[in-house]
Participant: 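Here's a structure for you.
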Amino acid sequence: MSQARILIVTQPRSPVRHRLRARISALGLDKELGGRLFSPDNWHQTWCGPFDSGQETRLALLAAGNAVQAAQLKAFELSFNRVRGEEGERIHWSLCTRGRPEPFNQLLTTLQTELKSHGFKDGGHRPHITISYGALHALPTRHIDPVDWLIDEIQLVERTGTGKQLRYQVLHRWPLASGSPPRPQQLRLFH
C-alpha cells in the first residue's frame, strides 16, 4: 500500500465513529485486535476504487462524483447492527448493516456507470466498514446495538502511507441532496 491510491468513500463524522468504537469496545474486540485494529480515524464506506493515483483516474473519479451530484441523489442512512470476520486472502473484520438500502444501490450504480464510460471497471462494494484488514481468525457474527449513520456526502480521497502512517486526504467532496423537500412555508422565505 505504499503507492498513492485514490477512491471515493464516505467517512463517518466523530460522533458516529465514537458510537461504533464504543460498540466494538463493549465486545472487547478492540483489545482482541490490538495493533490489528484499523485506525478509527480512517474508517470509511468505499464506493469505488481504490485505483492507482494518476491524472486520468482522478478525472474519471471527479466525473463520477459530479454524476452523483447531477443526479441529485438523496442522503440516506446505513444502520450498523453487527460485527463479523470473514476469511479470504486476508481475514477482514467488519461492521455490517441491517439490509442494503435502495439509495445505496442507486449511488453505487451511478458511480459505476460513469466510471465505465471512462474505461474503469469497479464493483463488489457492499455496506460495511472494515475495522481490521489482518485479523488472526474469523469472527462469528456478533450483534451490537444499532448505530445509524447518515450518508450525506461522498468524498474523493487519496490514500498514502502504510501501517500507522496510513492517511486519507480528502481531495473533493460532493454533498448528497437533503432527504426531504422544503415545507411550503419554508419556500416563501425564498420569494
Side-chain angles (χ1 to χ4, degrees), residues 1-52 61 64 76-112 115-116 120-151 154-168:
M1 272 199 266
S2 59
Q3 180 181 349
R5 309 270 282 164
I6 59 175
L7 56 161
I8 293 180
V9 303
T10 301
Q11 296 175 298
R13 291 183 180 89
S14 292
V16 172
R17 208 170 48 242
H18 291 304
R19 286 194 299 275
L20 291 168
R21 177 72 190 262
R23 301 303 194 272
I24 290 166
S25 293
L27 294 173
L29 298 178
D30 55 345
K31 288 184 178 156
E32 187 174 343
L33 285 169
R36 294 178 180 275
L37 177 69
F38 188 52
S39 171
D41 291 337
N42 292 327
W43 287 357
H44 61 275
Q45 168 64 57
T46 302
W47 298 106
C48 58
F51 299 106
D52 289 340
L61 290 172
F76 62 94
E77 282 191 343
L78 291 177
S79 182
F80 293 86
N81 67 347
R82 63 193 186 283
V83 181
R84 72 172 183 222
E86 300 170 340
E87 289 194 54
E89 261 182 57
R90 295 179 294 170
I91 301 173
H92 289 188
W93 285 12
S94 300
L95 288 153
C96 301
T97 63
R98 175 183 12 233
R100 185 179 172 116
E102 186 51 35
F104 180 95
N105 295 330
Q106 292 170 348
L107 177 55
L108 202 55
T109 299
T110 302
L111 289 167
Q112 290 174 344
L115 283 174
K116 188 175 181 181
F120 288 83
K121 184 174 177 351
D122 192 46
H125 302 290
R126 59 184 169 77
H128 77 288
I129 295 173
T130 302
I131 62 170
S132 178
Y133 287 92
L136 295 175
H137 59 82
L139 179 72
T141 298
R142 305 256 181 99
H143 292 278
I144 60 172
D145 290 335
V147 174
D148 295 334
W149 175 20
L150 179 66
I151 305 294
I154 59 173
Q155 306 151 352
L156 175 63
V157 298
E158 184 171 54
R159 182 180 75 195
T160 58
T162 59
K164 300 284 184 201
Q165 304 306 314
L166 184 67
R167 297 288 174 263
Y168 289 80

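Reckoned from all heavy atoms, side chains included, excluding hydrogens, waters and symmetry mates. All values derive from a computational prediction rather than experimental measurement.
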Participant: Quick one: list whatever passes side chain to side chain donor-acceptor pair (under 3.5 Å) with Ser39, sequence neighbours left out.
Facilitator: none
Participant: Any non-hydrogen side-chain atom of Leu107 less than 4.5 Å from a side-chain atom of His125?
Facilitator: no
Participant: What closest approach, in Å, do Gly161 and Leu166 show between heavy atoms, and which atom pair accounts for it?
Facilitator: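 Between these two residues, the closest heavy atoms are O-CD1, 3.3 Å.
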Participant: Within the 4.5 Å heavy-atom criterion, are Ser94 and Thr130 side-chain neighbours or not?
Facilitator: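 Ser94 vs Thr130: side chains touch.
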Participant: What's the spacing between Cys48 SG and Asp122 CG if we round to 0.5 Å?
Facilitator: 5.5 Å
Participant: Find out whether Ile24 and Leu95 are in side-chain contact, i.e. whether some heavy atom of one side chain is under 4.5 Å from a heavy atom of the other.
Facilitator: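 SC-SC contact between Ile24 and Leu95 confirmed.
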Participant: Is a donor on one side and an acceptor on the other found under 3.5 Å between the side chain of Gln45 and the backbone of His128?
Facilitator: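 The answer is yes, because a donor-acceptor pair under 3.5 Å joins these two groups.
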Participant: Do any N or O atoms from the side chain of Arg100 and from the backbone of Pro127 form a donor-acceptor pair under 3.5 angstrom?
Facilitator: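 Side chain of Arg100 to backbone of Pro127, a donor-acceptor pair under 3.5 Å: no, none is there.
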Participant: Look up atom CD in Gln11 and atom CG in Asn42, then write down how far apart they are to the nearest 0.5 Å.
Facilitator: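 It comes to 7.0 Å.
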Participant: Considering non-hydrogen atoms only, spot the tightest contact between Arg23 and Asp145 and give its length.
Facilitator: NE-O, 3.0 Å
Participant: Kindly compute the distance separating CD1 (Ile8) from CD1 (Ile154), expressed to the nearest 0.5 Å.
Facilitator: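 Ile8 atom CD1 to Ile154 atom CD1 measures 5.0 Å (nearest 0.5 Å).
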Participant: Out of Leu61, Leu7, Ile151, Thr110, which one pairs with Trp47 under the side chain to side chain contact (heavy atoms under 4.5 Å, CB included) rule?
Facilitator: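 That would be Ile151.
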Participant: Looking at Pro50, is its backbone amide N or carbonyl O close enough to the side chain of Arg5 to form a donor-acceptor pair, meaning the two atoms are under 3.5 Å apart?
Facilitator: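 Indeed, once roles are kept as given, a pair shorter than 3.5 Å links the two residues.
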Participant: So for atom CZ, which belongs to Arg126, do other residues, nucleotides or ligands contribute more than 12 heavy atoms lying within a distance under 6.0 Å?
Facilitator: yes
Participant: Calculate, to the nearest 0.5 Å, the distance between atoms CD and CG belonging to Glu77 and Leu150 respectively.
Facilitator: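 Rounded to the nearest 0.5 Å, the CD-CG separation comes to 6.0 Å.
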Participant: Residues two or more places apart in sequence or in another chain: which of them pass ring pair (Phe, Tyr, Trp, His ring centres under 6.0 Å) with Phe76?
Facilitator: none
Participant: Look only at the side chain of Trp43 and the backbone of Phe38, and say whether a donor-acceptor pair between them is shorter than 3.5 Å.
Facilitator: yes
Participant: What distance do Leu33 atom CG and Ile131 atom CD1 have between them, rounded to the nearest 0.5 Å?
Facilitator: 5.5 Å
Participant: Aromatic rings Tyr168 and His44: how do their planes relate, parallel, tilted or perpendicular, breaks at 30° and 60°?
Facilitator: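 The rings of Tyr168 and His44 sit tilted, inter-plane angle from 30° to 60°.
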Participant: To the nearest 0.5 Å, how far apart are CD1 in Ile129 and CH2 in Trp149?
Facilitator: 4.5 Å
Participant: For the side chain of Ser132 and the backbone of Ala135, is there at least one donor-acceptor N/O pair under 3.5 Å apart?
Facilitator: yes
Participant: Does Arg17 use its side chain to pair, donor to acceptor, with the backbone of Pro12 at less than 3.5 Å?
Facilitator: yes
Participant: Donor-acceptor check, side chain of Trp93 to backbone of His137, threshold 3.5 angstrom: yes or no?
Facilitator: yes
Participant: Answer yes if the side chains of Thr141 and Arg82 hold a donor-acceptor pair under 3.5 Å, and no otherwise.
Facilitator: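 Side-chain D/A pair, Thr141 to Arg82: absent.
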Participant: How about Leu29 and Arg142: do any of their side-chain heavy atoms sit closer than 4.5 Å?
Facilitator: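 A side-chain contact exists here, since the closest heavy-atom pair is under 4.5 Å.
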